[in-house]
Protein chains: 2
Amino acid sequence: MSTTIHAPNKVASTSGKPTRRLANRTRTKSSARSNETPVDQNSDKQPANIQQHEANTDAMDSMDDAQKKPTIRDVARLAGVSYGTVSRYLNGNTHVSQDAAERIAAAITKSQYTPNNAARSLAQRRTLTVALIIQVESNETIAQASMSRAMAGANQVLGDAGYQMVTLIANSEDSTRRIAQLVQSDFSDGYLLFSLSEDSMLANTFASVKRPVVLSEVRERENLPFPAVDFTNTEGQRDITRYLLDQGRTKLVYVCGPGYSPSSNNRFDGFKAAMGDRFNERHVYYADDWEGTSGEMAVVEFQPMLDELDGFVCANDSIALGVINQLNRFGYRVPDDIAVTGFDDSPIALLANPKLTTVRQDSQLHGETMSRLLLSMLQGDIVEPHYVQLLPTTIAERQSA
Amino acid sequence: MSTTIHAPNKVASTSGKPTRRLANRTRTKSSARSNETPVDQNSDKQPANIQQHEANTDAMDSMDDAQKKPTIRDVARLAGVSYGTVSRYLNGNTHVSQDAAERIAAAITKSQYTPNNAARSLAQRRTLTVALIIQVESNETIAQASMSRAMAGANQVLGDAGYQMVTLIANSEDSTRRIAQLVQSDFSDGYLLFSLSEDSMLANTFASVKRPVVLSEVRERENLPFPAVDFTNTEGQRDITRYLLDQGRTKLVYVCGPGYSPSSNNRFDGFKAAMGDRFNERHVYYADDWEGTSGEMAVVEFQPMLDELDGFVCANDSIALGVINQLNRFGYRVPDDIAVTGFDDSPIALLANPKLTTVRQDSQLHGETMSRLLLSMLQGDIVEPHYVQLLPTTIAERQSA
DNA sequence: CTGTTAGCGCATTCAA
DNA sequence: TTGAATGCGCTAACAG
């Protein structure tokens, strides 16, 4: 077995560094380990070989190490100015004399001062962070390329504007509830909500929130609680279906994504729109997720009538890959016998054999656009809840159709 | 073109809700739009049709809406107690009379009070958050299933312990610098550092940090700055190589991952270990990334000698899929002519044709274990920097080898 | 240009 | 059990 678990080395003292200076006033620090531990800490599964030290001087030392961070006052004292001046210096702009600035700068490096986030946020009443909240049914959803690209795009735009993006994952009732609380407590200045599910538990939470929110998907524009940015899912799927129809392929099966997903439903609408009268409810496979195995199952389901079919239009690329693989196994040639299309243009589209013809969407742009909208709201622009911006989709023509 | 961009509706007033009560003392709120905007806000790419309102009463109203959140004092006043009592009530435990508790509860729901995060953090000197920091060269790395599974695992364990996991992405110099600052300012109580790169710019930043840190990868145990949890990458790759050797396949090519990745290098070590004297430096393809296209390129590179080869051992699943596809295109049968193995056991292993034989690692466990270690450190346990915990890997035997 | 002062909202002593 | 007071570290208004 390749199951080597290295026994960890024995534990040494916390560090060789000398204890810090700057310890003038003696702090009150009772509560010597009682409420150090937060709620619900279940410490039963402790890794072995870790020194479980009880409340002793060592503990104090390590705590001190964490607490004795120099403050703005220490810097002021060192520089021989009032701490108001230091604050001004730190906030860049206002009038500080050359002389004072230099002394402060020196004092800062000498004391290794770093500002405290919480204090700043409290005084300014803003955190300079934007939370990107991902609400998912399945953890696999986070792994989708579109998601990480959107995150990258948002991270870039928000970062350039001076905001730090922090992403929170709501994948259970607990985590959703916890995040809901945070949102109510002004954890961030604004929120990008990737609620990949229609019955959003979070929606209610957000209803009363006083900070700007932007959504990533929209199904019904009418009762949209917040502005949103989405793709032209419907048009994209409609167009690629027409693309097949134009080739004379009319016996099409649709493999639908999970019913809780707005995008999934919008894409399905697009397929129906293109098919018109030719739409056949029995030529639809309803998947529970976005995974490749669902595509395989779809093909198995339709095996008896495979000879009469022209193509599979799939809700996304993973499903399409599953379809292609299963068709290959059954001995059908793609696209000669049966064409297959996907949606997303994720990297795996290129790993398909034959390479996947799919609907391309620029997910990075998605994140960027949502962020720009949020930023404008953070600036004070008022955007009505029904505001929707739709991003274009195009057909990426490859080999599978 | 399927490029429908809906023109957004015109803008309405911010909300129909009446202005809030609780406005006793008149606030000083000068700075009427000047420094509302944070640093570097480049507002040139504003979406159209959004009312860019200037400083007027509307702006004030919306600002007020965000600010007039009730505080603990408002609750106290409503309940007829001192705000100290309310604080005690909120923090669960200590002595509060039944009577007072009920009145406070009523006051809270009536005033819609929600605590303020920053104030709490400041007073408690802890945030009850743990930051999971992903430092990547390529954004595609975030999309890997292993990453999202680790995140899910960490989110679960940390959440159960009362901590909120917040993930930060460092994918540029700017973002890395920004995150480094946050870390210095006690943004979170602890850090899970997924530094998927050896020359970590963050490492220096973290060197002086006073909060617990756990790493996700380890190359050299000796000079490890923090405790780490990793997989038995070396043993895993060694074992699957032996698995091929035991089949009599000795003419093996290794497709190496990016050189900046510890895991990549460790896996390479494993291959070499298994090959021993048979290791041939010229039978190695050094990829720059973890992508499938690199696998394809590797096969192209070795095309002239493909007939003499027994198998491809790949640094991860994506690369392996690229190898399989390219071999298929060249008319080689997998595994009959040439075997192919991967590493990770990600979902795409099942989308390969034939299905991929690979090294399995439990990435969710990775996130969980890192989190448990961090939690123990947050409790005060002292873990020496060289502490390393290695998680097992096993062979997932399928069809490709 | 700079020092002083007053909070930001909450936790936590200390008396009562 | 509770009220009052102090401080967390910093920002921002106001005098000077």
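Just so it is clear: chains get the letters A, B, ... in the order the sequence lines come, proteins before strands, and each one is counted from 1. Please read all numbers here as calculations on a predicted model, not as lab measurements. Values below: every heavy atom of this structure, side chains too, minus hydrogens, waters and symmetry copies.
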Notebook entry, point to check: With a 3.5 Å cut-off and just heavy-atom distances, do the side chain of A:R125 and the base of C:dG9 make a donor-acceptor pair?
Noted result: no

Check: Looking at residues at least two apart in the chain, or sitting in another chain, which of them share a side chain to side chain donor-acceptor pair (under 3.5 Å) with B:E102?
Finding: B:Q98

Check: Reckon B:V81 touches a base, only the sugar-phosphate, or nothing at all at heavy-atom distances under 4.0 Å?
Finding: sugar-phosphate

Check: Are OP1 or OP2 of D:dG9 and a side-chain N or O of A:T71 less than 4.0 angstrom apart?
Finding: no

Item checked: Residues which pass salt bridge (Lys or Arg N to Asp or Glu O under 4.0 Å) with A:R103, listed by chain and number, not counting sequence neighbours -> A:D99

Next item on the list: Could you list the residues that satisfy side chain to side chain donor-acceptor pair (under 3.5 Å) with B:S82, not counting sequence neighbours?
Entry: B:T85

Next item on the list: Verify the contact: side-chain N or O of B:N116 to OP1 or OP2 of C:dC10, cut-off strictly under 4.0 Å; return yes or no.
Entry: no

Notebook entry, point to check: Got a sec, which residues hit salt bridge (Lys or Arg N to Asp or Glu O under 4.0 Å) with A:R120, two or more places apart in sequence or on another chain?
Noted result: none

Item checked: Rounded (10°) bend between the five-pair end axes of the helix from C:dC1-D:dG16 to C:dA16-D:dT1 -> 40°

Note to self: D:dC10, OP1 or OP2 - any side-chain N/O from A:S87 closer than 4.0 Å?
What the structure shows: no

Check: Are A:S188 and A:T127 linked by a side-chain donor-acceptor pair shorter than 3.5 Å?
Finding: no

Check: For D:dG3, does OP1 or OP2 lie under 4.0 Å from any side-chain N or O of B:T85?
Finding: yes

Check: Partners of A:Y191 by ring pair (Phe, Tyr, Trp, His ring centres under 6.0 Å), sequence neighbours excluded?
Finding: A:F206

Note to self: What residues from residues 117-124 of chain A pass a heavy-atom cutoff of under 4.0 Å to DNA chain D?
What the structure shows: A:A119, A:R120, A:A123, A:Q124

Notebook entry, point to check: Residues two or more places apart in sequence or in another chain: which of them pass side chain to side chain donor-acceptor pair (under 3.5 Å) with A:S172?
Noted result: A:S175

Notebook entry, point to check: How would you list, by chain and number, every residue that makes a ring pair (Phe, Tyr, Trp, His ring centres under 6.0 Å) with A:F187, sequence neighbours excluded?
Noted result: none

